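One structure is given below, encoded as structure tokens.
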2 protein chains.
Amino acid sequence: MKGRSKRKKAGRSSRTARDTGGTANPKRDTRDKILAAAKEVFAEYPYSAASIRMVGAAAGIDHPLISYYFPTKADLFEAVLEDIADEYYQANTAWFEGLGELSAYRGLSLYIDRLLAFTSRHPEALRIVALNLVQPDGAAIIPGYEKIQGLLAGTRETFRRVADLRGPAAEVRRFTESFNTMVINYIGAATYYAGILGLDPRGPRYLQWVKETLLFLFLPPLRRLIHGEDRTGPESKRS
Amino acid sequence: MKGRSKRKKAGRSSRTARDTGGTANPKRDTRDKILAAAKEVFAEYPYSAASIRMVGAAAGIDHPLISYYFPTKADLFEAVLEDIADEYYQANTAWFEGLGELSAYRGLSLYIDRLLAFTSRHPEALRIVALNLVQPDGAAIIPGYEKIQGLLAGTRETFRRVADLRGPAAEVRRFTESFNTMVINYIGAATYYAGILGLDPRGPRYLQWVKETLLFLFLPPLRRLIHGEDRTGPESKRS
DNA sequence: AACGGTTTTTAACGATCGTTAAGAATCCTT
DNA sequence: AAGGATTCTTAACGATCGTTAAAAACCGTT
């Protein structure tokens with residue numbers, strides 16, 4: 001970076017952005033505009049396929065301007081990751097409100113309803129996770145991969161606390177991790193699974209299927225964990 | 001395609017491939033060599049990031065030669081998809097052998113052992129699925145996407161038949177679909193989940209975690225479905 | 001050896017990419 | 001209005017990409 005970093009720092013000042021035109025358009029900061037556009041683009045394409053030119057087009061700016069606010073594509077991607085992690089954590093915390101006094105069924109059902117209501121309208125975080133789940137064994141080609149891995153981490157502890165899960169720690173972990181896995185997939189990769197089911201990924205029937213499948217899988221273990229029951233035993237009970 | 005298709009057809013003849021050199025190397029068909037190299041590369045990178053030059057390097061040939069056997073990158077990708085679908089179906093069928101006479105626990109446990117034994121050594125199919133799960137809503141950028149969606153379809157019916165699942169069809173579907181979802185993720189995206197758990201994605205402890213998590217989640221519903229029990233009811237039983 | 005068919009190699013194209021640097025435009029302070 | 005700082009635009013670079021086409025190499029038959 002020759003004289004670039006000098007100019008970059010200046011670009012991050014708190015100077016007010018100019019009006020973007022039109023009487024109905026509020027004044028918006030260019031950086032925020034780029035960030036929002038990047039979130040949309042990174043929610044459609046895996047990191048390497050999403051291009052700076054796409055982001056520029058979505059933001060309504062010339063693409064070299066992006067490097068003024070975010071020095072590299074990787075910087076932009078990581079900024080988006082931080083943004084969506086924060087957003088998801090905030091939303092997720094709200095979904096747990098008031099669930100502590102409900103039964104396992106009502107609590108889980110309501111939590112899923114809230115989760116689906118939010119993520120079906122704001123699927124970006126989960127799509128970005130699903131799009132960037134895998135990277136080559138020996139090469140770190142996805143910047144901020146640990147951030148992707150940590151994106152749903154905050155839900156874990158909240159789940160354990162609100163639901164007052166008392167089972168063995170290993171089983172609580174299985175429960176929360178696999179629940180998150182399903183959420184990443186059924187929301188983040190909705191087109192894939194809805195396609196297999198022959199449903200519209202944005203339609204109510206698909207969402208209903210997701211809800212019922214999550215309940216089918218997670219309500220029974222939730223009940224066990226709430227009461228601190230022993231893990232599923234070996235065959236000895238049935239043979 | 002100007003004069004290309006004419007030459008291409010000729011390239012697909014049954015003419016024997018030449019010896020690739022070295023006394024220990026068996027004669028190999030160039031097409032097969034390309035296909036094998038492509039499988040490796042497509043199992044490391046999502047479609048758009050995997051390049052023809054990478055495949056050429058992995059196959060030990062000059063990359064324009066690939067277009068002689070596979071006219072386009074998309075053709076190559078779809079050929080790989082057909083290859084891995086066939087491979088997975090064959091392997092999966094073998095995992096079910098002899099399970100019908102076992103108890104739910106023993107049967108599921110043995111099936112998972114076999115699945116993990118195979119897929120941990122041949123993770124390509126599941127990695128390719130996990131790497132190409134999501135595509136933009138309005139654009140088909142992943143060739144043969146329906147093939148990816150259908151890759152694990154064959155396991156569904158075999159599971160139902162061998163395990164003699166008698167529950168409601170909707171629940172059987174939930175069971176088999178979500179089981180496949182977990183398999184795609186925990187094997188195909190092992191680096192992601194093992195990283196979250198702080199485990200080595202190729203180590204025995206991670207595989208043990210996967211097995212126990214699959215049993216934790218799927219053994220109880222399996223038992224219910226084998227006996228055709230009613231679905232998990234609403235809270236009325238517990239309130 | 002000649003010839004025709006097949007396979008491989010080489011050079012190059014047009015396209016897209018992320019990034020750089022210079023100049024223009026805009027903004028703010030004096 | 002002048003001047004400096006900030007933001008944006010334009011042109012272009014070097015790199016990589018999938019693909020094409022021609023030439024070279026190889027193979028099999030006569």
Side-chain angles (χ1 to χ4, degrees), chain A residues 1-21 27-34 37-38 41-42 45-57 59-78 139 141-143, chain B residues 1-21 27-34 37-38 41-42 45-57 59-78 139 141-143:
Chain A
M1 310 285 273
K2 301 135 201 179
R4 175 54 75 182
S5 59
K6 202 177 298 182
R7 294 191 56 185
K8 282 294 167 188
K9 285 179 183 168
R12 300 283 185 87
S13 75
S14 57
R15 174 176 168 177
T16 307
R18 289 165 242 149
D19 195 305
T20 55
K27 292 181 189 292
R28 292 181 60 183
D29 181 56
T30 301
R31 188 180 189 279
D32 287 345
K33 195 159 58 168
I34 294 170
V41 173
F42 286 129
Y45 299 89
Y47 177 75
S48 53
S51 72
I52 294 289
R53 284 169 168 82
M54 285 182 199
V55 176
I61 61 167
D62 296 292
H63 80 273
L65 182 55
I66 294 173
S67 66
Y68 181 77
Y69 291 95
F70 301 93
T72 64
K73 181 178 171 183
D75 289 338
L76 177 60
F77 187 67
E78 292 203 38
I141 69 168
I142 301 177
Chain B
M1 309 282 276
K2 303 135 202 179
R4 175 56 72 184
S5 59
K6 203 178 299 182
R7 291 192 58 186
K8 281 296 165 185
K9 284 179 184 168
R12 299 285 186 84
S13 76
S14 58
R15 174 177 168 175
T16 307
R18 288 167 242 149
D19 195 307
T20 55
K27 292 181 188 292
R28 292 183 61 184
D29 181 53
T30 302
R31 187 180 189 278
D32 287 345
K33 195 160 56 169
I34 294 171
V41 172
F42 285 129
Y45 299 89
Y47 177 74
S48 53
S51 73
I52 295 289
R53 283 169 169 81
M54 285 182 200
V55 177
I61 59 167
D62 296 291
H63 78 272
L65 182 55
I66 294 172
S67 68
Y68 181 76
Y69 291 94
F70 302 93
T72 64
K73 182 180 173 183
D75 290 337
L76 177 61
F77 188 67
E78 291 202 39
I141 68 167
I142 300 177

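Values in this document were obtained by computation on a predicted structure and should not be read as measured data. Chain letters run A, B, ... following the sequence lines, proteins first and then strands; every chain starts at 1.
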A:I66 has an atom CD1; how far is it from atom P of D:dT10, in whole Å?
15 Å

Check the distance between D:dC8's P and A:F70's CZ and give it to me in whole angstrom.
12 Å

How long is the line joining CZ of B:R31 and C1' of C:dT6, in whole Å?
16 Å

Donor-acceptor pair, distance only, cut-off 3.5 Å: does the side chain of B:K73 make one with the backbone of B:Y47?
yes

Distance, rounded to the nearest Å, where A:D29 contributes CG and D:dT6 contributes P:
15 Å

Specify the separation, in whole Å, of atom NZ of B:K33 and atom P of C:dT7.
14 Å

Atom CG of A:D62 and atom C1' of C:dA24 are separated, to the nearest Å, by 13 Å

Name all residues meeting the side chain to side chain contact (heavy atoms under 4.5 Å, CB included) criterion together with B:A50; count only those two or more places apart in sequence or in a different chain, and write none if there are none.
B:V41, B:F42, B:Y45

Working to the nearest 0.5 Å, report the span between CZ of B:R53 and CG of B:D62.
10.5 Å

Once side chain to side chain contact (heavy atoms under 4.5 Å, CB included) is applied, do any residues pair with B:A57, and if so which ones, sequence neighbours excluded?
none

Interatomic distance where CG belongs to A:L65 and C1' belongs to C:dT26 [whole Å]:
13 Å

Out of curiosity, B:I52 CD1 to B:I34 CD1, how far, rounded to the nearest 0.5 Å?
9.0 Å

Euclidean distance, atom CD1 of residue A:I34 to atom P of C:dT19 [Å, nearest integer]:
13 Å

Every protein N/O within reach of nucleotides 12-18 of chain C N/O, cut-off under 3.5 Å:
| unit_1 | atom_1 | unit_2 | atom_2 | d |
| --- | --- | --- | --- | --- |
| C:dC17 | OP1 | A:S51 | OG | 3.4 |
| C:dG18 | OP1 | A:I52 | N | 3.1 |
| C:dG18 | OP1 | A:K73 | NZ | 3.3 |
| C:dG18 | OP2 | A:I52 | N | 2.9 |
| C:dG18 | N7 | A:R53 | NH1 | 2.8 |
| C:dG18 | O6 | A:R53 | NH2 | 3.3 |

Side-chain (B:Y69) to main-chain (B:L76) donor-acceptor, under 3.5 angstrom:
no

Could you tell me whether the phosphate oxygens of C:dT8, OP1 or OP2, come under 4.0 Å of any side-chain nitrogen or oxygen in B:Y69?
yes

